[in-house]
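Notes follow the structure.
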Amino acid sequence: MTTLITVLKGGGRYDATWVERLARGVRRHAPAFDRILCLTDLPLVLEGVERVPLRHDWPAWWAKMEAFRPGLAEGTTLLCDLDTVFTGPADALAEPGFAAMEDYFHKGRVSSALLRWRGGDLDGLYTAFAAEPERWMTPGSCGPVPNAVHGDQVVIDHLLSRDGLRPDFFQRRYPNLLDFYDPRRVDHGPVVIFIGDAKPDTAAGPVQAAWAGG
């Protein structure tokens, strides 16, 4: 069983539309995923998407730490950000193997935009965070880090390193899979990643069309 997990926390920029468009892209370009699961605090009802209620009121991106809750998935599991756009074949994401996106700005560090593991293997991330959420959400809790923004991926990278768990990077394993959105280019893909202020709803050309379902 292969599962793609995404997280929708209410009160921000994202709503059910983003889940629907991500799911449509996955079904079209990464059909090797058997399940699409959305952890959310909203009354989400979408065909082909399993809604799982969030248990905690962790703010903003910290809600993504619930993706590691024990029992959510078995087999290959991929955490995927809602602002990911699929424009071409992406079944490689559903292959077995511990892997993560390498942070675009900080080489050698894990990004939580895409993180793949085998169900149950990363239960410890949730257990550690849930035991002391206020501690981990406090800047500096992971020691000096190059990232100016203290968020979930800083904590994930820290806890993985602490436990001696180092994923392979998708960019190294699949050199032509990930593509970072650049408004100066027209063609992107097959898996388009957005960094900084750029988002699919403000993108142009084929990427925006792919996100919108064209």
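The CG atom of Leu159 lies 6.0 Å from the CE atom of Met65; values are rounded to the nearest 0.5 Å. Rounding to the nearest 0.5 Å places SG of Cys38 at 5.0 Å from CG of Leu44. For the atom pair CG (Leu78) and CG (Leu4), the distance works out to 5.0 Å, reported to the nearest 0.5 Å. With rounding to the nearest 0.5 angstrom, the OG1 atom of Thr77 is 8.5 Å from the CG atom of Leu72. A distance of 11.5 Å separates CD in Gln153 from SG in Cys142, rounded to the nearest 0.5 Å. Distance CG/Asp83 to CZ/Arg21: 13.5 Å, rounded to 0.5 Å.
Minimum interatomic distance between Leu46 and Ala16 (heavy atoms only, all atoms of both residues): CD1-O, 3.9 Å. For the residue pair Ala90 and Leu177, the shortest heavy atom distance occurs at CA-CD1, 4.3 Å. Contact between Ala210 and Val85 at its shortest, heavy atoms only, is CB-CG1, 4.1 Å. The heavy-atom pair separating Leu79 from Ala67 by the smallest distance is CD1-CB, 3.8 Å. Residue Asp121 comes nearest to Trp117 through the heavy atom pair N-CD1, 4.3 Å, listed as atom of the first residue, atom of the second, then distance. When all heavy atoms of Pro133 and Ala131 are compared, the pair lying nearest together is CD-C, 3.7 Å.
Counting only N and O atoms by type, the side chains of Lys9 and Thr40 include no donor and acceptor under 3.5 Å apart. For Ser161 and Arg166, the side-chain atoms include at least one donor-acceptor pair closer than 3.5 Å.
One N or O on the side chain of Arg116 and one on the backbone of Leu93 form a donor-acceptor pair closer than 3.5 Å. Distance alone, capped at 3.5 Å, is enough to place a donor-acceptor pair between the Thr2 side chain and the Ala32 backbone. A donor-acceptor pair under 3.5 Å is absent between the side-chain atoms of Arg35 and the main chain of Leu37, judged by distance alone. Proximity of a side-chain donor or acceptor of Trp136 to a complementary backbone N or O of Ala128 within less than 3.5 Å is detected. Side-chain N or O atoms of Thr3 include none that pairs as donor or acceptor with a backbone N or O of Ala73 at under 3.5 Å. No donor-acceptor pair closer than 3.5 Å links the side chain of Arg24 to the backbone N or O of Val19. A donor-acceptor pair under 3.5 Å is absent between the side-chain atoms of Glu102 and the main chain of Lys107, judged by distance alone. Judged by distance alone, with hydrogens and angles left aside, the side-chain atoms of Asp41 form a donor-acceptor pair with the main-chain N or O of Gly10 at under 3.5 Å. Looking at Ser141, its side chain never comes within 3.5 Å of a backbone N or O of Met137 through a donor-acceptor pair. Distance alone, capped at 3.5 Å, is enough to place a donor-acceptor pair between the His188 side chain and the Asp182 backbone.
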Checking side-chain contact (heavy atoms from CB on, under 4.5 Å) for the pair Trp211/Phe194: CA distance, chi angles, key distance, verdict?
CA-CA 12 Å; Trp211 182 72; Phe194 288 79; over 6 Å; no

Could you walk me through whether Arg185 and Asp179 pass the side-chain contact (heavy atoms from CB on, under 4.5 Å) check?
CA-CA 11 Å; Arg185 289 191 284 119; Asp179 191 7; 2.8 Å; yes

Report the C-alpha separation of Val207 and Asp187 in whole Å, then their side-chain angles, then the decisive distance to 0.1 Å, and conclude whether the side-chain contact (heavy atoms from CB on, under 4.5 Å) test is met.
CA-CA 8 Å; Val207 173; Asp187 295 324; over 6 Å; no

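Under the rule for a ring pair (Phe, Tyr, Trp, His ring centres under 6.0 Å), Phe169 has no partner lying at least two apart in sequence or in another chain. Legend: residues meeting salt bridge (Lys or Arg N to Asp or Glu O under 4.0 Å) with Glu66, ordered by chain and number and at least two apart, are Arg69.
A chain of hydrophobic side-chain contacts below 4.5 Å, direct or via other Ile, Leu, Val, Met, Phe, Trp or Tyr residues, connects Ile195 to Phe86. By the rule that hydrophobic residues join a cluster once side-chain heavy atoms approach within less than 4.5 Å of another member, Met1 and Ile36 end up as members of separate clusters. Hydrophobic cluster membership is shared by Ile156 and Val149, with clusters built from Ile, Leu, Val, Met, Phe, Trp and Tyr side chains linked at under 4.5 angstrom.
Heavy atoms of other residues, nucleotides or ligands lying less than 6.0 angstrom from CD of Glu74 number 12 at most. Heavy atoms of other residues, nucleotides or ligands lying less than 6.0 angstrom from CZ of Arg118 number 12 at most. Crowding of Phe98 atom CZ: a count of heavy atoms from other residues, nucleotides or ligands under 6.0 Å exceeding 12.
Using a 4.5 Å heavy-atom cutoff, the side chains of Leu114 and Phe170 are in contact. Using a 4.5 Å heavy-atom cutoff, the side chains of Leu178 and Met101 are in contact. A heavy-atom distance below 4.5 Å is not found between the side chains of Ile193 and Tyr181. Residues Leu115 and Phe68 meet the side-chain proximity criterion, which asks for heavy atoms closer than 4.5 Å. Using a 4.5 Å heavy-atom threshold, the side chains of Trp18 and Pro200 count as touching. Side-chain contact between Val155 and His150: present, with at least one pair of heavy atoms (C-beta onward) separated by less than 4.5 Å. Looking at heavy atoms from C-beta onward, Asp81 lies in side-chain contact with Lys64 at the 4.5 angstrom threshold. Put simply, the side chain of Leu8 reaches to within 4.5 Å of the side chain of Leu42, judged on heavy atoms.
Salt-bridge annotation for Lys199 and Asp201: absent, with no side-chain N of the basic residue lying under 4.0 Å from a carboxylate O of the acidic one. Under a 4.0 Å N-O distance rule, the pair Asp157/Arg162 does not qualify as a salt bridge.
Each side-chain hydrogen bond (donor to acceptor under 3.5 Å, both in side chains) pair with one or both residues in residues 85-101, not counting sequence neighbours, appears once here: Glu95-Tyr174.
Trp62 and Phe129 have parallel rings, their planes meeting at less than 30° on a 0 to 90° scale where 60° marks the start of perpendicular. Ring geometry, Tyr126 versus Trp58: the interplanar angle falls from 30° to 60°, so the pair is classed tilted.
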